[in-house]
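Whatever order the structure lists them in is the order used to number ligands and atoms, beginning at 1.
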Amino acid sequence: TNKGVIFDLDGVIVDTAKFHFLAWRKLANDLGFDFTKAQNEQLKGVSRVESLKKILEWGELELSKTEFKRQMALKNENYLSYVAKMEEDEILPGVQKLIDYLIENNIPFALGSASKNARVILKKINLLEKFDAIVDGNDVSKAKPDPEVFLIAAEKINIKPENSIVFEDSVAGVQAANNANMISIGIGEQKTLGEADYVFKDFTEIDIDFIKKLLTK
Ligand code: G6P
Ligand code: MG
């Protein structure tokens, strides 16, 4: 059977998850409250709009439409100031090796990210041209845990959902992969991502042989 791979971006290919956290926390602090790292897990994989809605709930704040939009723009501006400082070598350890393996073995792979900044980031780390398909926050209407983003990605690389392997660092993303009937691999903590079919701390813990087996099963 033909199998394919779908990568989430933030927190999987690059550690931009930490920049999202810093930028959202600054927004909350500027509005006069704070949130915890545990709460931040609920923001991972979640679109910009949905993230701000959650944060405002935590702070028990309501904003006018205009102010909501302004805060979202400020957050993104702040976030992009971190992204601008990213270096080419910020691709997370082990990721390049896996991508090289996929290319060498003609295994199609796509990006499935909620981010509207995905292309900017991929360009910074020289991966933009490597993906067979890119599906990002500009292409989807339903946020993870809805499977939409991954289903579109699988379709674009011509792979059936059940033959797609998804790498995700977020709870919402793992749920989205599961909802799409795909094979989910969590990148992070077992205690957070326990719903995934497999969990690894990072890509250096994933043996190429394990990937080979998954791909030929
Ligand atoms: C990813 C991140 C989220 C982020 C979302 C939207 O899913 O994990 O933290 O909110 O993308 O990203 P954007 O770059 O469009 O604000
Ligand atoms: Mg992520």
Side-chain angles (χ1 to χ4, degrees), residues 5-28 35-58 68-86 90-92 95 110-125 127-128 134-150 152-153 165-180 182 184-189 192-193 195-196 199-203:
V5 174
I6 304 173
F7 292 89
D8 172 47
L9 175 66
D10 298 299
V12 168
I13 292 178
V14 278
D15 196 10
T16 39
K18 69 180 177 217
F19 302 148
H20 280 295
F21 176 56
L22 290 172
W24 281 130
R25 199 156 75 158
K26 181 182 181 328
L27 174 146
F35 61 85
T36 64
K37 278 237 159 194
Q39 282 174 305
N40 185 58
E41 288 303 321
Q42 298 178 43
L43 300 179
K44 289 185 181 175
V46 175
S47 70
R48 210 180 297 169
V49 178
E50 292 305 318
S51 297
L52 183 49
K53 281 186 192 162
K54 277 186 201 258
I55 293 167
L56 292 174
E57 266 174 39
W58 298 336
F68 188 99
K69 277 199 178 155
R70 197 180 76 90
Q71 289 297 339
M72 262 205 330
L74 282 175
K75 183 270 173 176
N76 197 48
E77 208 176 286
N78 186 221
Y79 171 69
L80 286 177
S81 74
Y82 293 110
V83 170
K85 283 179 234 147
M86 277 176 69
E90 281 187 47
I91 176 161
L92 286 169
V95 174
L111 190 85
S113 166
S115 173
K116 293 187 172 174
N117 297 304
R119 284 170 194 273
V120 177
I121 294 166
L122 286 180
K123 197 156 188 196
K124 286 223 95 179
I125 52 171
L127 282 183
L128 186 58
I134 292 173
V135 185
D136 66 21
N138 302 296
D139 306 311
V140 295
S141 53
K142 294 173 218 147
K144 297 170 186 177
D146 189 282
E148 184 185 28
V149 62
F150 293 143
I152 298 175
I165 299 165
V166 176
F167 289 101
E168 254 297 345
D169 71 313
S170 70
V171 177
V174 164
Q175 290 170 341
N178 291 344
N179 288 337
M182 297 177 173
S184 54
I185 304 187
I187 300 294
E189 303 286 336
T192 313
L193 303 175
E195 288 174 65
V199 180
F200 296 93
K201 262 198 141 51
D202 59 50
F203 281 89

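- Checking only distances, Trp24 never comes within under 3.5 Å of ligand 1, N or O to N or O.
- An N or O contact shorter than 3.5 Å links Asn117 to ligand 1 by distance.
- Of all atoms in ligand 1, numbered sequentially from 1 with element shown, those under 4.0 Å from a heavy atom of Leu43 are 3 (C), 9 (O).
- With salt bridges taken as basic N to acidic carboxylate O contacts below 4.0 Å, one links Lys53 and Glu50.
- For ligand 1, the atoms closer than 4.0 angstrom to any heavy atom of Lys116 are 13 (P), 14 (O), 15 (O).
- Asp10 has its closest N, O or S atom to the Mg ion (ligand 2) at the position named O.
- The Mg ion (ligand 2) sits nearest to atom OD2 when only the N, O or S atoms of Asp8 are considered.
- Between Asp8 and ligand 1, a contact under 3.5 Å exists for no N or O pair.
- Take the N/O/S atoms of Asp169: the one nearest the Mg ion (ligand 2) is OD1.
- Listed by number with element, the atoms of ligand 1 under 4.0 angstrom from any heavy atom of Gly45 are 2 (C), 3 (C), 7 (O), 8 (O).
- A perpendicular orientation is assigned to the rings of Phe35 and Phe21, their planes being inclined by more than 60° (bins at 30° and 60°).
- Considering both main-chain and side-chain atoms, Ser113 never comes within under 3.5 Å of ligand 1 through any nitrogen or oxygen pair.
- Listed by atom number, the atoms of ligand 1 under 4.0 Å from Ser51 heavy atoms are 10 (O).
- Without hydrogens or angle criteria, Asn178 side chain to Glu195 main chain gives a donor-acceptor distance under 3.5 Å.
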Do Asn76 and Asn117 pass the side-chain hydrogen bond (donor to acceptor under 3.5 Å, both in side chains) test, and can you show the C-alpha distance, the side-chain angles, and the key distance before you say yes or no? CA-CA 9 Å; Asn76 197 48; Asn117 297 304; 3.0 Å; yes

